[in-house]
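On a predicted model such as this, the values are computed, not experimentally measured, just so you know.
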Amino acid sequence: MPVSDMRALRAIYTHKLLNPTTHKSLSKPSLIPLQSLQNPNFSRHFHSTCRLQRPEEPSTVSDSLKTETNSSTSGEIRRVWSVFGPASHTLVTPRVANKSSDVQEPRRESESESESESETQKGLSSLRNGVEESERDKTHRNVKRANSGTGNYREMARSNKKGGKVKTSWVCSSCGETYGQWWGACRSCHAMGTVKRFSESVEDADGGKVSGFQVSEKAVRSWMGKEAGEGGPMRLADVNQGITVIDRRIPMPGIFGSEVERVLGGGLVRGSLVLVGGDPGVGKSTLVLQMASLIAEGHELGKAAPVVYVSGEESVQQIGSRADRMKIETEDLFLYSSTDIEDILEKIQSLNPQALIIDSIQTVYLQGVAGSAGGIMQVKECTQALLRFAKKTNVPVLLIGHVTKSGDIAGPRVLEHIVDVVLYMEGEKSSAHRLLRSVKNRFGSTDELGVFEMSQSGLQAVSNPSEMFLSEQYSDSEYLAGLAVAVIMDGSRTFLIEIQALCVSESPSARQVNGVPPSRASMIISVLAKQAGLKLQENAIFLNVVSGVFLKDTAGDLAIAAAICSSFLEFPIPNSIAFIGEIGLGGELRQVPQMDKRIHTLAKLGYKKCIVPKSAKTSQGAPGFEDIKIIGCKDLKEVISNVFK
């Protein structure tokens, strides 16, 4: 239908509603111009429409006409208008009704028309009064808001702290006009400097965000039955008074427990937050499950204590199957599968556990925190909640963390700053041995290292770690050519590492190094060629460290040089000789720290000779060193003359 026809029909229907008597004249077949039906008093801000129907009113057009006729004959005429209210930004529909107590007789057509026009003017005037009144109300409210808007900055800052939203508008304090930005002069009343900022907070639908502090605070209060943090500062003497080692740390007996205690610095500290990381499948869950079993048994404590193992990755049946394979039959080890931190802290309250284990921190979440489980905000808030829970209840919490491709723990870097201890579990897929290192430890040294072997029944502690780095010895045979033993330190532990070298003539461009820094290997080869007189330029040299260990200790320099000389000269090194020392650019041998401890380890393992720098202070002849001969050399030439006679 064309637009002009639509306008004509609208105007005809409007005129009919304004004057009930006009529908009689419209019944005649005549054309009526559109301009003659438009009322000049109509504003573009409002238009007429049919009145709203009530349940008792007719629903059809014919019934409506009948009702209008009856209402007109009874002396009651209703007017319905739709007006756009600027204050509420909606359509307002006021009603205007003219009532008459007496029923008038039908008048002439001209008198009816004049009367309808007067009634229309009355309706329009009442509508104008209503619009003006609503505008005055809006102006009054806006002026009141503008006058009080300058004092709402503190409320705005408070709502920002709580995580709520803030709605900001600019209101003229003179006329109440509202703008979306600041203006120097009001564009409505042209007053200068009257536009002021007004801010109001808008609450979220879920009542605001939830933080880890709020969750842990709620759990701690329900757990301990008192307000958290009601104690004041205490003197150091009062804090340590009457506290024993068992009160501070939870011991773990056995060979496996001793190895873990070595890395932790003497046991699991009460109220600590420990993070265990490592590659997938390296044995993190197995390690923590065995630790939970030792804590739950409570041999050193004199009584068993419950330990809760919560997993977000496995079901309770799967954890039970793994525990059955590892021969764990502790009655006080409780298993639970959940990913909601609030639910976990609520369920373990009745048990009052000795320790809590979360496997893993990337699978749990807090309701009300933005993001899914494993996201930056979720990991941070969950860790904060568990940290506060551990400090207030004195219950240690062990977390298992995933790692990225680069080997770092997944999640924000602040995660490693929040926790008290960070442990990394390392191991090659082709090897059954696992190394547990302490990267961060607030309660002990970070130089300690634990050595384990993965078996069918779980992780087993290795009593002699040097065995895993040494191959079978064939005394004085040709197979030992190119092999040398180095004594290195990792933390407080001493390891014997076997270094292999292979020299191939007529291949000068080839050089492969595994387990040794390439720059240091090139330096040692160059020193041998320059200072020792070995013509290594025309040989391809291959270096390897047994068991995939990466050699960082400079005390292994002398063993690398000895292995290269053995392969180049095709002279086997006896299996009873070990090498300790650092090589300088002049070919001299330099001493390394903790020399006595290294030699003592060699004597315990049955070695007969040890090549060390001449300047190193040794305790030859001291108790424990009677069966080993210590040979001091000044440079590489003396080493070659003493070993390769």
Side-chain angles (χ1 to χ4, degrees), residues 475-488 496-508 511 513 516-545 551 553-596 598-599 602 607-620 625 628-645:
S475 177
D476 298 331
S477 66
E478 60 181 359
Y479 297 105
L480 291 177
L483 301 183
V485 177
V487 183
I488 64 172
L496 272 63
I497 303 294
E498 185 177 289
I499 298 175
Q500 301 173 340
L502 177 63
C503 295
V504 181
S505 60
E506 299 180 358
S507 300
R511 182 175 295 176
V513 178
V516 179
S519 59
R520 193 152 196 88
S522 300
M523 184 202 73
I524 295 173
I525 294 172
S526 301
V527 171
L528 285 173
K530 179 68 176 178
Q531 306 297 339
L534 300 181
K535 297 181 179 180
L536 300 175
Q537 297 85 353
E538 299 179 357
N539 288 264
I541 301 176
F542 300 89
L543 289 174
N544 180 49
V545 180
L551 187 60
D553 193 353
T554 57
D557 292 353
L558 186 55
I560 296 175
I564 295 175
C565 292
S566 175
S567 178
F568 179 77
L569 300 174
E570 296 183 357
F571 192 98
I573 299 176
N575 62 348
S576 60
I577 299 179
F579 300 87
I580 306 173
E582 180 183 351
I583 298 178
L585 291 178
E588 75 279 8
L589 301 186
R590 297 177 177 272
Q591 63 179 357
V592 293
Q594 298 182 346
M595 184 66 71
D596 292 344
R598 300 173 194 260
I599 298 175
L602 288 174
Y607 281 80
K608 302 300 181 181
K609 291 183 180 181
C610 179
I611 309 297
V612 299
K614 201 167 190 177
S615 59
K617 296 180 180 180
T618 59
S619 302
Q620 187 169 1
F625 293 168
I628 186 171
K629 182 180 180 180
I630 301 174
I631 302 175
C633 299
K634 184 176 64 175
D635 52 22
L636 287 175
K637 291 183 179 180
E638 288 191 19
V639 173
I640 294 175
S641 62
N642 283 292
V643 177
F644 306 101
K645 295 180 180 180

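Scanning all heavy atoms of the two residues, the minimum distance from Cys610 to Leu602 falls at SG-CD1, 3.6 Å. Here the shortest heavy-atom pairing between Val643 and Phe571 reads O-CE2, 3.9 Å. Heavy-atom minimum distance, Cys633 versus Asn642: SG-ND2, 3.6 Å. Counting all heavy atoms, side chain and backbone alike, Ala562 lies closest to Ala484 at CB-CB, 4.2 Å. Pairing each heavy atom of Ile541 with each of Cys503, the nearest pair is CG1-SG, 4.2 Å. Contact detail for Ile499 and Ala486: the closest heavy-atom pair is CD1-CB, 4.1 Å.
For Asp553, the salt bridge (charged side-chain N to carboxylate O under 4.0 Å, His left out) partners two or more places apart in sequence, or in a different chain, are Arg598. Annotation: salt bridge (charged side-chain N to carboxylate O under 4.0 Å, His left out) contacts of Glu582 (sequence neighbours excluded): Arg520.
Annotation: the span from Leu528 atom CG to Ile583 atom CD1 amounts to 6.0 Å, rounded to 0.5 Å. For the atom pair Lys608 NZ and Ile628 CD1, the distance stands at 9.0 Å (nearest 0.5 Å). Taking CG from Asn575 and NZ from Lys609, the interatomic distance works out to 12.0 Å, rounded to the nearest 0.5 Å. Here the CD atom belonging to Gln531 is positioned 8.0 Å from the CD atom belonging to Glu588, to the nearest 0.5 angstrom. Put simply, CG on Leu558 and CD1 on Ile524 are 9.0 Å apart, with the number rounded to the nearest 0.5 Å. If you take CD on Gln537 and OG on Ser526, they are separated by 8.5 Å, rounding to the nearest 0.5 Å.
Within the 3.5 Å criterion, the main-chain N or O of Tyr607 finds no donor-acceptor partner in the side chain of Ser576.
With a 4.5 Å cut-off on side-chain heavy atoms, Ile560 and Ile525 do not count as touching. Side-chain contact between Met595 and Pro613: present, with at least one pair of heavy atoms (C-beta onward) separated by less than 4.5 Å. Inter-residue side-chain proximity for Val592 and Val612 is flagged as unmet; no heavy-atom pair is nearer than 4.5 Å. Taking 4.5 Å as the limit, some side-chain heavy atom of Phe542 sits within range of a side-chain heavy atom of Val504. Contact annotation: the side chain of Phe644 approaches that of Ile573 to within less than 4.5 Å [non-hydrogen atoms, C-beta and beyond]. Residues Lys614 and Leu589 are not in side-chain contact: their nearest non-hydrogen atoms beyond the backbone lie 4.5 Å or more apart. By the 4.5 Å heavy-atom criterion applied to side chains, Ser566 and Leu483 are not counted as neighbours.
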Q: Run the numbers on Leu543 and Ile564 for side chain to side chain contact (heavy atoms under 4.5 Å, CB included), then give the verdict.
A: CA-CA 8 Å; Leu543 289 174; Ile564 295 175; 3.9 Å; yes
